[in-house]
Amino acid sequence: MAKLPTPQMLVSSRPAFPDKAWLDTKPEFAPGSYCYPAKKETMELLHMPNPHDWDPAAEDWNLPDNWEKILCDAFEERLEKHRSLKLFMDICVRCGACADKCHFFLGTNDPKNMPVLRAELLRSLYRRDHAMLGRLLGKRVGARSWDKNVVKELFYYAYQCTECRRCSLFCPYGIDTAEITAIVRELLHEVGLGIHWIMDPVKNCSFTGNHLGIQPHSFKEIVEMLADDCETVTGIRPKTPFNEKGHEILFITPSGDVFADPGIYTFMGYLLLFHELDLDYTFSTYASEGGNFGSFTTFNMAKKLNAKMYAEAERLGVKWILGGECGHMWRVINQYMATYNGPAPSNMQTPVSPYTGTVFANAASTKMVHIAEFTADLIHHGKLNLDPSRNDHIITTFHDSCNPARAMGLLDEPRYVLKAVCNNFVEMPENTIREQTFCCGAGSGLNTEEIMELRMRSGMPRGNALRYVQQKFGVNHMACVCAIDRATLPPLANYWAPGVTVSGLHELVANALVMKGEAKRTMDLRQEDLPNVTDDDDAAQAQGEGQ
Amino acid sequence: MKAIAVFRNHKEELVRLWTEAVFNTYPFETTGFLRTKKDPFGNPVADMTREAAAALYDAVAGENVDIETTRNALDRFIKLRAVQKFTPSQGLGVFSLMKPLLRKHVMPELVIQKKLADYLEAESRLDSLTLLAFDLYVKDREVLAQSRITEIRNQYAQLARWAQKLNAASPLAVDDE
């Protein structure tokens with residue numbers, strides 16, 4: 001009789017004792033764990049090096065013949081160019097403080113997703129050519145040579161890092177693992193390896209302005225449809241100024257908010273707020289994507305896409321730029337923009353709120369203000385008439401988006417706004433918020449559906465914290481200030497904490513905003529009935545009868 | 001001694017052994033971390049496993065548990081196993097790892113006390129719980145598949161509305177009538 005395997009045999013996913021060292025264990029490219037490759041035509045259009053057709057699941061990735069030389073040269077060039085990279089390669093003492101801080105490690109339990117080991121994948125190559133001990137002692141001190149499997153491994157793990165920088169927070173040396181990941185992605189691009197969900201938006205942003213490649217006139221029409229929806233809800237049709245010269249402010253937000261549910265409701269929130277303020281502003285179709293998809297590929301691409309902001313600010317003659325709720329956009333602005341494309345054009349000035357007179361001195365260099373800062377300032381000065389009871393059916397928590405939290409320290413402003421527009425606010429556990437916030441699991445261009453399974457794994461620490469407050473405090477809503485979050489958190493919440501809805505901050509602001517001359521609000525921006533609305537006339541009558 | 005008392009005596013040890021058996025399904029370098037860190041948010045996988053282990057054992061032992069409470073405790077653990085890099089048999093097979101533990105630690109005592117029938121009932125309860133887990137697992141995988149479809153739709157939601165509006169306004173639409 002044939003022997004069936006025992007459950008123990010079936011379950012065992014690894015031998016009782018590892019037969020290979022961690023550096024020799026190769027990743028397995030199973031569907032659901034890797035992103036689709038970028039199309040050759042896309043890479044050609046963008047003049048990326050060595051464009052070619054390839055399949056991550058295939059044995060042969062069709063690398064160019066001299067791939068090893070290309071990679072070695074490119075790595076050396078980056079080491080010359082970025083002093084920080086050389087430092088990060090040299091100073092890690094492998095203390096392990098970062099090891100258990102990565103959401104990918106916590107979700108996958110794959111040792112190479114410990115930030116220290118992910119960086120070690122590159123560091124081991126660095127040792128062979130650039131460190132004396134590595135040159136002399138080779139493998140004994142953790143140096144190794146390039147081979148095609150190493151390239152695959154770098155690809156596998158560079159796209160299992162969302163560049164969220166939670167690990168850097170705990171590193172005693174402040175090693176920025178996100179920057180190491182960014183460099184690895186750059187190196188891979190040198191041999192033509194990129195992913196579709198990043199390169200397609202990069203192409204579209206390069207050629208038409210927004211990430212879906214919608215032509216300017218259509219983009220404008222779509223925004224006007226959102227203004228129509230605003231009118232349905234509030235009775236007021238907000239203006240939608242586009243490409244107009246001579247305004248004080250240029251407003252730039254991720255284009256995802258124009259196209260994607262539930263981001264569009266946040267966009268409607270902006271429109272209504274600006275209309276109520278009678279803000280002197282314009283949109284631009286040229287600079288219509290705040291989120292910088294280039295920053296997920298190479299520094300040069302990030303610079304190119306970022307350049308549109310100042311170019312358009314100069315062309316339109318605005319004084320400063322107001323930026324929408326976005327993640328990586330703000331990291332690029334605060335950390336790289338001055339080096340990429342600074343200083344700001346001469347027509348720009350340090351931003352001053354036209355309603356409160358507040359000088360945003362923190363934006364003296366970039367000339368760009370985050371909308372959460374802007375709105376928090378308005379609320380602080382009592383410039384907005386708010387009725388938070390309209391959001392009373394919501395018990396909300398706040399997800400700190402990685403980049404605004406860790407790259408610009410935007411921690412209290414969104415909370416201040418949220419508490420002003422919602423009466424019920426609950427924080428998630430302390431080690432999952434603010435600077436220690438857990439990533440949504442799909443930032444840095446990983447919010448693509450083919451890796452949904454991987455995203456549920458990497459987003460698990462966030463989902464787990466959300467589930468906790470849902471069960472303990474009845475939380476049914478999560479607000480955030482990032483367009484990628486608005487796309488990725490709904491499926492994450494639906495998986496780990498079903499019943500929790502997700503929205504941007506300004507959707508809730510507009511729901512609570514009492515506008516001059518508005519019709520009685522019976523529904524929210526999603527055109528769902530507001531449960532707490534009483535029919536005033538009936539209520540007044542009933543009261544009258546009672547008296 | 002009643003059978004349930006024997007089960008209770010072994011609870012702490014068996015919950016620990018099963019939890020470790022589950023941890024052993026992860027890469028060797030990770031097991032130590034899973035075992036040592038107790039923070040429910042800093043080490044969620046271990047927390048989920050421990051919660052499931054206790055609930056599973058109580059239900060198997062024949063404690064007076066509410067099915068919904070057990071389902072809730074298992075739910076989070078199954079969600080995890082359903083998205084981690086396991087085959088379905090590896091994902092759910094951990095439930096079968098309880099059997100050899102029970103046979104080694106609990107069964108001999110119950111056999112001596114001539115309570116084999118009670119023991120076999122406990123094993124049957126484990127089988128039922130595995131089936132319950134199977135339901136949860138399949139539901140989770142369905143949610144996952146649905147999420148991919150919903151996400152594709154959501155990404156272009158406003159674009160689709162715009163396209164429909166264009167179509168309605170097109171002269172061709174009138175010609176059709």
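Quick note on labels: first sequence line is chain A, next is B, and so on, each numbered from 1. The model shown is predicted, which means the values in this text are computed figures rather than measured ones.
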- prompt: Is it the side chain or the backbone of M114(A) that comes within 4.5 Å of chain B heavy atoms, both, or neither?
  reply: side chain
- prompt: Which atoms of A465(A) come close to chain B, meaning under 4.5 Å heavy atom to heavy atom: side chain ones, backbone ones, both, or neither?
  reply: both
- line: Turns out that what part of I264(A) lies under 4.5 Å from chain B's heavy atoms comes down to side chain
message: Check this for me, if you would: do R71(B) and E68(B) make a salt bridge, where the nitrogen-to-carboxylate-oxygen distance has to be below 4.0 angstrom?
response: yes
- request: Please determine, by modelled atom types, if H10(B) and E109(B) share a side-chain donor-acceptor pair under 3.5 angstrom.
  value: yes
query: Is the charged tip of K101(A) near the ring of F170(A): under 6.0 Å from the six-membered ring centre and within 45° of its axis?
result: yes
R81(B) side chain to T25(B) side chain, donor-acceptor N/O pair below 3.5 angstrom: yes
message: Report which part of L212(A) has an atom under 4.5 Å of a heavy atom belonging to chain B: side chain, backbone, both, or neither.
response: side chain
- line: One option among L166(B), I152(B), N72(B) has the most heavy-atom pairs under 4.5 Å with chain A, and it is I152(B)
Max heavy-atom pair count under 4.5 Å with chain A, selected residue of R153(B), R141(B), K99(B), Q146(B): R141(B)
- prompt: Is any NZ, NE, NH1 or NH2 atom of the basic residue among D47(B) and R76(B) found under 4.0 Å from an Asp or Glu carboxylate oxygen of the other?
  reply: yes
- request: Side chain from CB out, backbone as N, CA, C, O: work out which of these in E450(A) comes under 4.5 Å of a heavy atom of chain B, or both, or neither.
  value: both
query: Is the count of non-hydrogen atoms from other residues, nucleotides or ligands lying under 6.0 Å from E435(A) atom CD greater than 12?
result: yes
- line: Whatever's closer than 4.5 Å to a heavy atom in chain B on L454(A) counts as neither
Which portion of D257(A) sits near chain B, non-hydrogen atoms under 4.5 angstrom: neither
message: Is E28(A) in contact with chain B via its backbone, its side chain, both, or neither, using a 4.5 Å heavy-atom distance?
response: both
message: Counting heavy-atom pairs closer than 4.5 Å to chain A, which one of T150(B), L97(B), D140(B) comes out on top?
response: D140(B)
Toward chain B, the part of S218(A) with a non-hydrogen atom under 4.5 Å: both
message: For the interface with chain A, which of K79(B), R161(B), Q155(B) has the highest count of heavy-atom pairs at distances below 4.5 Å?
response: K79(B)
field: Top contributor to chain A contacts, counting heavy-atom pairs under 4.5 Å, from D39(B), V45(B), V94(B)
entry: V45(B)
query: Are D110(A) and Y26(B) close enough that a side-chain donor and a side-chain acceptor fall under 3.5 Å?
result: no
- prompt: Does a donor on one side chain and an acceptor on the other come within less than 3.5 Å for R166(A) and H103(A)?
  reply: no
Per-residue contact mode, N431(A) against chain B (heavy atom under 4.5 angstrom): side chain
message: Between N204(A) and N210(A), do the side chains contain a donor N or O and an acceptor N or O under 3.5 Å apart?
response: no
